[in-house]
Amino acid sequence: DAGLILAKTFLRTDITSFYRNQQKIYWAGYKLFLEQLQQLNIDGIENYINKRKSFYINEPVGKLYKNPNNSKSFFILFIYLYRTFSRLISNVIYNKQWQIFIGNQTIQSYKNNPQNFNTLKPSKDRIWADPFLAKSEGKYFLFFEEKLNRKKNAHISCLELNDKGNPIDNIPKKVLEENYHLSYPFIFNHDNCHYMIPESAEAHSVILYKSVTFPNQWQKVKTLLEGQSFYDTTLHQHTDGIWYLFCTVKPDSRFSSDAYLHIYYSSSLDDTFIAHPKNPIYSDVRISRPAGSLFINESNLIRPAQISAPHYGSGIVFFKILTLSPTDFKEEKISELMPNPGYQATHTRNQLDNLFVLDA
């Protein structure tokens, strides 16, 4: 349909349910509408329209979809049944399992020569995903989500590595478990102490843990955010000394967990984290959800993000951050990392010194 586009949300299509897609679109539209009313109130009519004219003036006119006729409906039904049957057969034949790749070469070399990376493959009754690296007393440690197929919730486990990325012991140690699902063990060192912020979306909070005895014992320090579901929390202390917290936010069960990127900031870990005035930064499943720690490459600050469409874990996209402050945020896309042949998904990438880790 023609007209000036004021704002957009991109969502992942659920290929198994027309009803869920419809409801998802309605709720996303409702959220988008309220956000634009709030922005209109802040900017005023003239500024609000002018901002969007400059950005969307060349937007192409898309196809206007209408209710399908009988033949089109039959074709849609056939495709749906074919996909459903294929998925059932695939689930019977294949064991889809998250694994971890680790090596002392760049991720670009992984794209070109994946055989140069070690594959850390768990036993068939579990998955290993969301790898993060830490270093203590000259030793390297790999932290990751470990989920057993027979259990509802995952926990955080750890493997000690040598400097080439080979595990010292192939049996990981469970280092953190709660009565809710834990994943994405974002780990960092501050004031000579290790901290961890695992994803705890089911607890509707972001909880900071501190190492008591590294790497096996952790204690809760404080709750950084609460009241909503926060996904893949990624912390970064910028050159201005301010701590910036990146995550996707799911206000309640009706919304996507991958679409809405939010930033929060604080002058220190002891202070309250404040919502960025531009939240949500994006409403787009293709570029929002964090995919690992921010890192420096050729003096540029890079933010990895998950490509969550057409399916979860479709790939990783890298952005160069141009502006990061309590009042503004700008970045530009620089590259993508897609799963290698034989793998369906990848969604977390990290590095420490010369070690690189990736899940797939």
Has H238 got a side-chain atom pairing as donor or acceptor with D240's backbone, closer than 3.5 angstrom? no
Just wondering, are more than 12 heavy atoms of other shown residues or ligands nearer than 6.0 Å to NZ in K72? no
Verify the distance criterion only: is there a donor paired with an acceptor across the side chains of S157 and H155 at less than 3.5 Å? yes
Would you call the rings of W243 and H190 parallel, tilted or perpendicular if under 30° counts as parallel and over 60° as perpendicular? perpendicular
Within 6.0 Å of OH in Y180, more than 12 heavy atoms from elsewhere: yes
If you apply the rule salt bridge (charged side-chain N to carboxylate O under 4.0 Å, His left out), what do you find for E199 with R289, and how did you get there? CA-CA 12 Å; E199 183 203 292; R289 189 164 173 170; 3.3 Å; yes
Approximate separation, where rounding is to 0.5 Å, of T233 OG1 and H262 NE2: 12.0 Å
Hey, is the main chain of D163 close enough, under 3.5 Å, to the side chain of K139 for a donor-acceptor pair? no
Side-chain donor-acceptor pair under 3.5 Å between D271 and S267, yes or no? yes
Are side-chain heavy atoms of N118 and K164 found at a separation under 4.5 Å? no
Are the side chains of F188 and S293 in touch, meaning some heavy atoms are under 4.5 Å apart? no
Which pairs pass side-chain hydrogen bond (donor to acceptor under 3.5 Å, both in side chains) with one or both residues in residues 299-326, sequence neighbours excluded? D232-Q306, R303-E331, Y312-H347, K320-E332, S325-T327
As a quick check of understanding, evaluate side chain to side chain contact (heavy atoms under 4.5 Å, CB included) for F318 and L337, giving each step before the final call. CA-CA 8 Å; F318 297 94; L337 175 66; 3.9 Å; yes
Option among L133, I102, L161 that satisfies the side chain to side chain contact (heavy atoms under 4.5 Å, CB included) test with Y140: L161
Backbone N/O of A28 and side chain of K24: donor-acceptor pair under 3.5 Å: no
Please determine if E46 and K51 form a salt bridge, counting it only when a charged side-chain N lies under 4.0 Å from a carboxylate O. no
Kindly say whether the aromatic ring centers of F246 and Y244 come within a distance under 6.0 Å. no
CD1/I89: more than 12 non-hydrogen atoms of other groups inside 6.0 Å: yes
Enumerate, atom names and distances included, each donor-acceptor pair closer than 3.5 Å involving a side-chain atom of residues 206-215, sequence neighbours excluded.
from	atom 1	to	atom 2	distance (Å)
Y209	OH	E178	OE2	2.7
S211	OG	F214	N	3.2
T213	OG1	Q217	OE1	3.0

So, the side chain of S229 versus the backbone of A201: is there a donor-acceptor pair under 3.5 Å, distance only? yes
Check whether any side-chain N or O of D14 sits under 3.5 Å from a backbone N or O of R20 as a donor-acceptor pair, and report yes or no. no
Could you measure the distance from the CD1 atom of I316 to the CG atom of D359? Nearest 0.5 Å is fine. 6.5 Å
Is a donor on one side and an acceptor on the other found under 3.5 Å between the side chain of D353 and the backbone of L355? no
Look at the side chain of N162 and the backbone N and O of N166, then say whether any donor-acceptor pair between them is shorter than 3.5 Å. yes
Does the gap between the ring centers of Y184 and F230 come in under 6.0 Å? no
Test item: E160 and C158 side chains (from C-beta on) under 4.5 Å apart, heavy atoms: no
If you measure from the Lys or Arg side-chain nitrogens to the Asp or Glu carboxylate oxygens, is any gap between D258 and R12 under 4.0 Å? yes
Establish, yes or no, whether the cationic atom of K330 lies under 6.0 Å from the six-membered ring centre of F319 and within 45° of the ring axis. no
Any residue meeting side chain to side chain contact (heavy atoms under 4.5 Å, CB included) with R126, in chain and number order, not counting sequence neighbours: P122, S123, W128, E146, L148
Mark yes when over 12 heavy atoms from residues, nucleotides or ligands other than N70 sit less than 6.0 Å from its CG; otherwise mark no. no
Short N-O contact, D125 and R150, less than 4.0 angstrom: no
For Y260, run the side chain to side chain contact (heavy atoms under 4.5 Å, CB included) check against N279, I281, T248, T9 and tell me which one passes. T9
Is a side-chain donor or acceptor of N91 paired with a backbone partner of R87 at a separation under 3.5 angstrom? yes
Please name the residue in the list Y343, F356, F144 that meets the ring-ring contact (aromatic ring centres under 6.0 Å, His included) test with F101. Y343
Should the pair R349 and F295 be classed as cation-pi, given the thresholds of under 6.0 Å to the six-membered ring centre and 45° from the axis? yes
Please indicate whether Q344 has more than 12 foreign heavy atoms, meaning atoms of other residues, nucleotides or ligands, lying under 6.0 Å from its CD. no
Quick check against the 3.5 Å criterion: does T223 have a side-chain atom that pairs as donor or acceptor with the backbone of L225? no
When you measure from the side chain of D191 to the backbone of C193, do you find a donor-acceptor pair of N or O atoms at a distance under 3.5 Å? no
If you count every heavy atom of other residues, nucleotides or ligands that lies below 6.0 Å from L37 atom CG, does the total exceed 12? yes
